[in-house]
Protein chains: 2
Amino acid sequence: MISVAIVDDHKILTEGLQGLIDESGMATVIGIAHSASTCRISLGFWKPDVLLLDIGLPDSSGLDFCKEIKQQYPQIKILALTTHNEYSIVKQMLDNGASGYLIKNAMAEEVLAGIQAVADGNTFLCHEINLLMKRPKETHIWLSQREREMLKLIAEGFTNGEIADRIFLSPETIKSYRKNLLLKLGAKNTAVLVRIAMEQKLI
Amino acid sequence: MISVAIVDDHKILTEGLQGLIDESGMATVIGIAHSASTCRISLGFWKPDVLLLDIGLPDSSGLDFCKEIKQQYPQIKILALTTHNEYSIVKQMLDNGASGYLIKNAMAEEVLAGIQAVADGNTFLCHEINLLMKRPKETHIWLSQREREMLKLIAEGFTNGEIADRIFLSPETIKSYRKNLLLKLGAKNTAVLVRIAMEQKLI
DNA sequence: ATAAAAAACCCCCTTTAGGGGATAGCAGTG
DNA sequence: CACTGCTATCCCCTAAAGGGGGTTTTTTAT
């Protein structure tokens with residue numbers, strides 16, 4: 001019997017999940033938390049095999065929280081359960097140690113299949129996410145650390161000069177990065193750049 | 001007994017909701033749809049008293065769908081059930097005919113209270129949304145039709161001149177709108193303008 | 001009735017962004 | 001070893017945005 005813990009602030013969803021998992025016979029829910037902080041306290045007691053983790057938690061990003069849990073409890077398999085179907089979010093989640101990724105409109109069967117798969121040490125992606133990740137590389141936008149940093153500063157309204165001062169680079173360098181970002185994201189100008197960045201959840 | 005229909009693409013959530021409502025004794029779920037199109041077909045047969053409606057449907061915006069349903073079936077009370085806690089979304093939903101608004105991290109009791117309230121002809125907002133809507137007017141951002149239109153065109157990357165051509169106005173007028181938008185949203189430049197617009201779901 | 005708003009328009013001037021290049025070190029990979 | 005990607009730098013020039021004013025008409029709400 002696989003022990004499962006759930007962290008999600010959608011209370012109705014967690015109740016539904018609990019019923020679904022407990023009735024499956026293959027796994028049992030040993031704990032539910034509605035925030036990262038309460039989960040942090042209880043996780044040591046629960047010691048679940050699998051943790052179902054949402055990203056939009058009220059007090060923390062599931063992305064950071066995933067990394068944190070994996071460092072403290074490397075044996076716990078993390079199965080992301082979110083509404084996000086953007087490449088950058090999925091990639092970050094997997095990079096941060098998640099063993100699987102489900103989107104919330106997945107079928108109930110996929111949740112159970114995912115729990116089974118990650119408990120067995122495999123990686124599991126639900127159908128829609130699997131299709132997303134298998135798309136040719138060119139359709140995915142992926143930026144370097146510096147580029148993401150730049151993008152954040154641009155979206156915060158800093159000019160090239162201000163960014164240069166802030167991160168101790170030449171304004172001309174910032175200009176180059178900016179041009180490159182426009183190219184990479186296929187944006188005509190800053191307005192579109194910021195829009196795409198937010199749509200793709202790059203910032 | 002209040003008859004309830006649910007439209008939401010999160011299958012696990014709808015199952016949980018169904019159990020919750022059916023067990024309450026005060027209402028019964030007579031239909032579930034996972035998309036606007038399937039709901040559109042079934043709604044005439046179901047004739048529910050209350051419709052629980054999500055916004056992030058795969059094939060349509062719940063905002064538009066709400067207006068559509070209200071026009072065709074004015075007697076059906078619509079209770080929004082979404083993840084969005086932005087003023088503009090709540091306001092648009094209520095303007096489009098919704099009788100109530102719940103966010104998905106609300107307590108189970110609030111869902112039942114909401115169903116009861118809207119079935120009785122009252123307006124119902126869950127606790128968090130009630131607080132949000134009661135905040136002083138100045139903290140809410142609300143734009144005119146023209147301003148929203150402008151904002152969309154700016155976020156699509158059009159320059160003042162291009163926008164002017166497109167909507168047959170003087171480029172100087174567009175400039176004025178732009179300056180005004182920066183003021184209203186408290187944005188330093190276009191990058192911040194677009195970011196805030198997307199954060200507040202104004203576009 | 002009258003006061004807000006929304007909607008539309010105009011001028012001057014400065015700053016910032018964008019389009020077009022080009023160069024070069026340095027890390028990791030086949 | 002060549003190649004690719006990331007980092008960082010520089011120049012020229014044009015286009016666009018932003019800051020500071022200002023006016024008028026129409027619509028909408030009280």
Side-chain angles (χ1 to χ4, degrees), chain A residues 87-88 91-92 95 136-197 202-203, chain B residues 87-88 91-92 94-95 136-198 202-203:
Chain A
Y87 176 81
S88 76
K91 178 148 177 26
Q92 278 181 76
D95 286 352
K137 207 183 160 191
E138 304 82 52
T139 63
H140 294 310
I141 298 165
W142 194 241
L143 304 177
S144 69
Q145 285 286 316
R146 257 299 197 237
E147 284 171 329
R148 259 197 303 280
E149 193 184 353
M150 221 57 86
L151 204 47
K152 274 173 200 147
L153 292 166
I154 290 169
E156 281 170 39
F158 296 109
T159 66
N160 294 335
E162 288 167 346
I163 297 173
D165 287 348
R166 195 160 283 250
I167 58 178
F168 308 108
L169 287 178
S170 156
E172 284 297 322
T173 305
I174 315 298
K175 226 175 135 178
S176 291
Y177 273 103
R178 202 167 190 139
K179 279 191 278 192
N180 220 262
L181 281 169
L182 290 175
L183 240 176
K184 269 201 179 177
L185 303 210
K188 191 194 169 193
N189 54 31
T190 302
V192 180
L193 185 72
V194 173
R195 180 171 59 76
I196 295 175
L202 299 169
I203 45 178
Chain B
Y87 176 81
S88 77
K91 177 146 177 28
Q92 279 181 74
L94 296 177
D95 286 350
K137 208 184 162 190
E138 304 81 53
T139 63
H140 295 310
I141 297 165
W142 193 241
L143 304 176
S144 68
Q145 285 285 314
R146 258 302 196 232
E147 285 171 329
R148 259 200 302 282
E149 194 183 355
M150 220 57 87
L151 203 48
K152 274 173 199 145
L153 291 165
I154 290 169
E156 281 171 39
F158 296 108
T159 66
N160 293 335
E162 288 167 346
I163 296 173
D165 288 348
R166 196 160 282 250
I167 58 178
F168 308 109
L169 287 178
S170 155
E172 284 298 322
T173 305
I174 315 298
K175 229 176 133 180
S176 292
Y177 274 103
R178 204 170 190 137
K179 279 190 279 191
N180 221 264
L181 281 169
L182 291 175
L183 240 176
K184 268 200 179 178
L185 303 211
K188 191 193 167 194
N189 55 30
T190 301
V192 180
L193 184 73
V194 173
R195 180 170 58 77
I196 295 176
M198 297 204 70
L202 298 170
I203 46 178

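Order of the sequence lines sets the chain letters (A, B, ...), proteins ahead of strands, with each chain counted from 1.
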Output one line per pair: protein atom, nucleotide atom from nucleotides 24-26 of chain D, and distance, for all N/O pairs under 3.5 Å.
none

**Request:** Could you tell me the separation between the CG atom of L182(A) and the NZ atom of K184(A), rounded to the nearest 0.5 Å?
**Result:**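 Reported value, rounded in 0.5 Å steps: 12.5 Å.
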**Asked** Bend angle of the helix from dA1(C)-dT30(D) to dG30(C)-dC1(D) from five-pair axes at both ends, rounded to 10°?
**Response**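 That helix has its two terminal axes inclined by roughly 70°.
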Over how many whole Å does the gap from [X] atom [atom1] to [N] atom [atom2] extend?
| X | N | atom1 | atom2 | value |
| --- | --- | --- | --- | --- |
| L169(B) | dC10(C) | CG | C1' | 14 Å |
| R148(B) | dA7(C) | CZ | C1' | 15 Å |
| L183(B) | dG21(D) | CG | P | 12 Å |
| N180(B) | dA7(C) | CG | C1' | 11 Å |
| M150(A) | dC6(D) | CE | P | 13 Å |
| E147(A) | dC6(D) | CD | C1' | 8 Å |
| I167(B) | dA8(C) | CD1 | P | 7 Å |
| I174(B) | dC10(C) | CD1 | C1' | 14 Å |

**Request:** Return each pair, listed once, that meets side chain to side chain donor-acceptor pair (under 3.5 Å) where at least one residue sits in residues 171-181 of chain A; pairs must be two or more places apart or across chains.
**Result:**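 Found N160(A)-R178(A), R178(A)-T190(A).
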**Within residues 148-158 of chain B or reaching into it, pairs that qualify as side chain to side chain donor-acceptor pair (under 3.5 Å) - sequence neighbours excluded** = R146(B)-E149(B)
**Asked** How would you list, by chain and number, every residue that makes a side-chain contact (heavy atoms from CB on, under 4.5 Å) with A155(A), sequence neighbours excluded?
**Response** V194(A), I203(A), R195(B)
**Asked** How would you list, by chain and number, every residue that makes a side-chain contact (heavy atoms from CB on, under 4.5 Å) with A164(A), sequence neighbours excluded?
**Response**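 Per chain and number, A164(A) pairs via side-chain contact (heavy atoms from CB on, under 4.5 Å) with P171(A), I174(A).
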**Message:** Could you work out, with side chain to side chain donor-acceptor pair (under 3.5 Å) as the rule, every residue matching D165(B), not counting sequence neighbours?
**Reply:**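 Side chain to side chain donor-acceptor pair (under 3.5 Å) check on D165(B) returns nothing, list empty.
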**Request:** Only counting residues at least two apart or in another chain, list the ones meeting side chain to side chain donor-acceptor pair (under 3.5 Å) with S144(A).
**Result:**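 Once residues adjacent in sequence are excluded, the partners of S144(A) under the side chain to side chain donor-acceptor pair (under 3.5 Å) criterion are E147(A).
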**Message:** It should be established whether T173(B) places a side-chain nitrogen or oxygen under 4.0 Å from OP1 or OP2 of nucleotide dC9(C).
**Reply:**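 Result: yes.
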**Fill in**
Closest non-hydrogen atoms of I196(B) and L185(B), given as atom of the first, atom of the second and distance, are CD1-O, 3.3 Å
**Asked** Residues in ring pair (Phe, Tyr, Trp, His ring centres under 6.0 Å) with Y87(A), at least two apart?
**Response**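 In terms of ring pair (Phe, Tyr, Trp, His ring centres under 6.0 Å), with neighbours along the sequence ignored, Y87(A) is linked to H140(A).
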**Asked** Which comes earlier along DNA chain C counting from the 5' end, the contact point of S170(B) or that of L143(B), where each point is its nearest nucleotide?
**Response** L143(B)
**Request:** Identify which nucleotide among dA8(C), dT9(D), dT7(D) has an atom closest to any side-chain atom of S144(A), counting heavy atoms from C-beta outward.
**Result:** dT7(D)
**Request:** Would you mind reporting whether M150(B) and I167(B) have side-chain heavy atoms less than 4.5 Å apart?
**Result:**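 I167(B) reaches M150(B) side chain to side chain.
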**Message:** Does the protein touch nucleotides 15-26 of chain C at the base, only the backbone, or not at all? Give it as B, S and - per nucleotide, heavy atoms under 4.0 Å.
**Reply:** -SSBBBB-----
**Prompt:** Does any pair with a residue in residues 147-172 of chain A pass ring-ring contact (aromatic ring centres under 6.0 Å, His included), and if so which ones, sequence neighbours excluded?
**Reply:** none
